[in-house]
Amino acid sequence: MRPAYTPEILPHREREINSLASVLVSALRGQTPSNILIYGKTGTGKTAVAKYVGKELQRKGDELKKRVHFIYINCEVVDTQYRVLQNIANSFIRDWSERVPFTGWPTDEVYSKLKAEMDKEDGVTIIILDEVDKLSGDDVLYNLSRMNGDLQKARVSIIGISNDLKFTEFLDPRVKSSLGEEAMVFPPYDAVQLQDILRQRAAMAFKDAVLDESVIPMCAGLAAQEHGDARRALDLLRVAAELAERERSKKVADRHVRLAQAKIEVDRVTEVVRTLPTQSKLVLLSTILGEETNKDVNQSGLTTGEVFEIYAELCRKIGLDILTQRRITDLISELDMLGIISARVISKGRYGRTREIALSVNGPSTKEVLAEDELLHEVVHWKPVRRQQQKIV
DNA sequence: AATCCACAGGAAGATTAGGATA
DNA sequence: TATCCTAATCTTCCTGTGGATT
């Protein structure tokens, strides 16, 4: 049930598998397949399909005695030019003493080593770059895409995977044209398709009849509402089962799914808040504190100015530089996009135009997470002093 | 209809951290 | 190891604006 598991059968991705395979089969005839870009939101099976087709191709290649290599790289983990090249090069080198070290070599030496090794091995190499958009600088892509010109015998083809449809807009036009020779878009799953996926996995993971009938449709439905993310659906089912197990329940019921949904959301928020930069944490804390005091006075609608004042006060208390209000505006937008606060622009007529800021998560528990930060520890329970209400003269 | 508040949010430049390169 | 580059962060300066009030 875990996201890392890649199943053997991918329901409702036959079309994608076939079209990807039809581009790549030319590798079996010794030709160079086009480079491909795969787009799709999270949990639409991009990685699974790419890995699956890659493995199949390698298997067929072994049967036909054609050399087909297949390398998977997650660019979120391996995000610099050096490390990408190093990774690819090392996948060709058996002997540990020959391997490219983590650091020390000039980048172009790694590049020529890689070329040498590939030519020695011959055949077609398919490189999957997952999360290409996380790669820093487009040199890597440029170098890899022009590699075919530098190689004597061997050939490479690149499969880039991205969940950002506008990814290529910021790319060097040369890279863009060579990388985007073929583009594929993976559509999100609908609720019915998600049910099939869940059923297939559930059959492997659970004993018969431990799931209430409605559990799978419910997980599928909830995940379908959130852009048809299969990973989300599986998480829901897994967490629901874990919760049921923990309370020694014989069956997994709707109730557990609902609890699971709440737990996943809480975990997500906790994680996001914990990893926020200090300044953003302060802005968030200011919002919480501001909302608390506003509630006392029964006056709603926290404005940018109010949050900024509380923020500035907090900074003074703990001796941190105060950022400008312009910057705080942006930090507020970021928190809004992360979904932990909501900020919408409203007009108060004569009294200006501002954003109305409200917390969209639980205040007290968020404070606890913020309190884990040493710097903030002493101010989490501080109460801002209400300013005088502005008099209308 | 005109005014004017309290910001929103764009443009451009300064600063800085960390990786690339010599 | 020194310095050059790049990307991210932050500031300064700015123009724009919805609608209650005048």
Side-chain angles (χ1 to χ4, degrees), chain A residues 73 75-89 100-114 129 131-144 146 162 164 166-175 272 275-284 286-287 290 294 299-316 318-338 341-358 375 386-393:
Chain A
I73 290 176
C75 301
E76 196 165 19
V77 188
V78 182
D79 64 347
T80 65
Q81 180 170 23
Y82 184 91
R83 287 205 288 259
V84 169
L85 293 176
Q86 183 219 8
N87 254 273
I88 304 171
V100 180
F102 296 101
T103 178
W105 289 17
T107 311
D108 50 348
E109 202 173 327
V110 183
Y111 183 72
S112 24
K113 174 80 175 172
L114 173 58
L129 297 174
E131 323 255 328
V132 256
D133 39 14
K134 300 285 165 55
L135 227 43
S136 69
D138 43 6
D139 293 20
V140 210
L141 294 175
Y142 179 67
N143 284 333
L144 284 177
R146 75 186 178 126
S162 161
D164 182 5
K166 291 181 294 180
F167 160 63
T168 49
E169 278 179 25
F170 307 99
L171 233 48
D172 185 317
R174 289 170 299 183
V175 179
V272 168
T275 55
L276 238 35
T278 312
Q279 296 286 5
S280 299
K281 283 183 184 170
L282 271 175
V283 174
L284 176 58
S286 307
T287 313
N294 262 5
Q299 181 235 32
S300 64
L302 206 49
T303 68
T304 304
E306 286 163 358
V307 170
F308 179 71
E309 263 177 46
I310 301 171
Y311 158 83
E313 190 55 39
L314 289 176
C315 279
R316 256 173 253 126
I318 61 179
L320 223 67
D321 292 350
I322 303 171
L323 301 180
T324 51
Q325 182 157 338
R326 179 66 185 84
R327 180 63 186 142
I328 298 306
T329 303
D330 285 343
L331 292 183
I332 289 171
S333 308
E334 280 172 29
L335 291 175
D336 178 49
M337 282 196 294
L338 288 170
I341 66 174
S342 73
R344 61 195 184 87
V345 184
I346 55 155
S347 175
K348 302 215 265 182
R350 188 67 221 268
Y351 301 104
R353 226 159 78 88
T354 181
R355 264 135 113 198
E356 192 176 57
I357 301 160
L375 270 168
R386 277 228 121 251
R387 279 188 315 142
Q388 291 274 306
Q389 283 282 342
Q390 294 204 344
K391 283 240 172 73
I392 304 156
V393 188

Taking the side chain as C-beta and beyond, is there a heavy-atom pair between I322(A) and F308(A) under 4.5 Å? yes

Please report the distance, rounded to the nearest Å, between CD1 in I328(A) and C1' in dC10(C). 10 Å

Please work out if I322(A) contacts a base, only the sugar-phosphate, or nothing of the nucleic acid, heavy-atom cut-off 4.0 Å. sugar-phosphate

Main-chain N/O of I332(A) paired to D336(A) side chain as donor or acceptor, under 3.5 Å: no

Quick one: what's the B/S/- string for nucleotides 12-19 of chain C, heavy-atom cutoff under 4.0 Å, read 5' to 3'? B----BBB

So, is T303(A) near the phosphate of dA6(B), with a side-chain N or O under 4.0 Å from OP1 or OP2? no

Can you confirm whether V283(A) sits close enough to L276(A) that some side-chain heavy atom of one is under 4.5 Å from a side-chain heavy atom of the other? no

For nucleotides 14-22 of chain B, tabulate all protein N/O to nucleotide N/O atom pairs closer than 3.5 Å, reporting atom names and distance.
none

Positive for side chain to side chain contact (heavy atoms under 4.5 Å, CB included) with Q81(A), one of L85(A), V78(A), V84(A), D79(A): L85(A)

Does the side chain of T329(A) pick up a donor-acceptor pair with the side chain of R355(A) at under 3.5 Å? no

Take atom CZ of R344(A) as the centre, draw a 6.0 Å sphere, and report whether it contains more than 12 heavy atoms from other residues, nucleotides or ligands. no

Could you check how far CZ of F308(A) sits from C1' of dT11(C), rounded to whole Å? 12 Å

What residue among I341(A), N294(A), T354(A) forms side chain to side chain contact (heavy atoms under 4.5 Å, CB included) with L302(A)? N294(A)

Taking it one step at a time, do K113(A) and V110(A) satisfy side-chain contact (heavy atoms from CB on, under 4.5 Å)? CA-CA 5 Å; K113(A) 174 80 175 172; V110(A) 183; 5.5 Å; no

Measure from the side-chain N and O atoms of E306(A) to the backbone N and O of T303(A), and report whether any donor-acceptor pair falls under 3.5 Å. yes

Given atom CD of E334(A) and atom C1' of dA8(C), what is their separation to the nearest angstrom? 11 Å

Using whole Å, report how far CD of Q325(A) lies from P of dC10(C). 16 Å

Write down the distance between CG (L331(A)) and P (dA8(C)), rounded to a whole number of angstrom. 16 Å

DNA chain C in dot-bracket form (Watson-Crick or G-U pairs under 3.5 Å, [ ] crossing, | inter-strand) is ||||||||||||||||||||||

Under 3.5 Å donor-acceptor, Y311(A) side chain and L284(A) backbone: no

How many whole angstroms separate atom CG of L302(A) from atom P of dA6(B)? 16 Å

Figure out the CD1/C1' separation between I346(A) and dA8(B), and round it to whole Å. 13 Å

Is it true that a side-chain atom of D133(A) and a backbone atom of S162(A) form a donor plus acceptor pair closer than 3.5 Å? no

Separation of atom CD in E356(A) from atom C1' in dC7(B), rounded to whole Å: 14 Å

With the side chain defined as heavy atoms from C-beta on, L323(A) is closest, among dT11(C), dC7(B), dA8(B), to dT11(C)

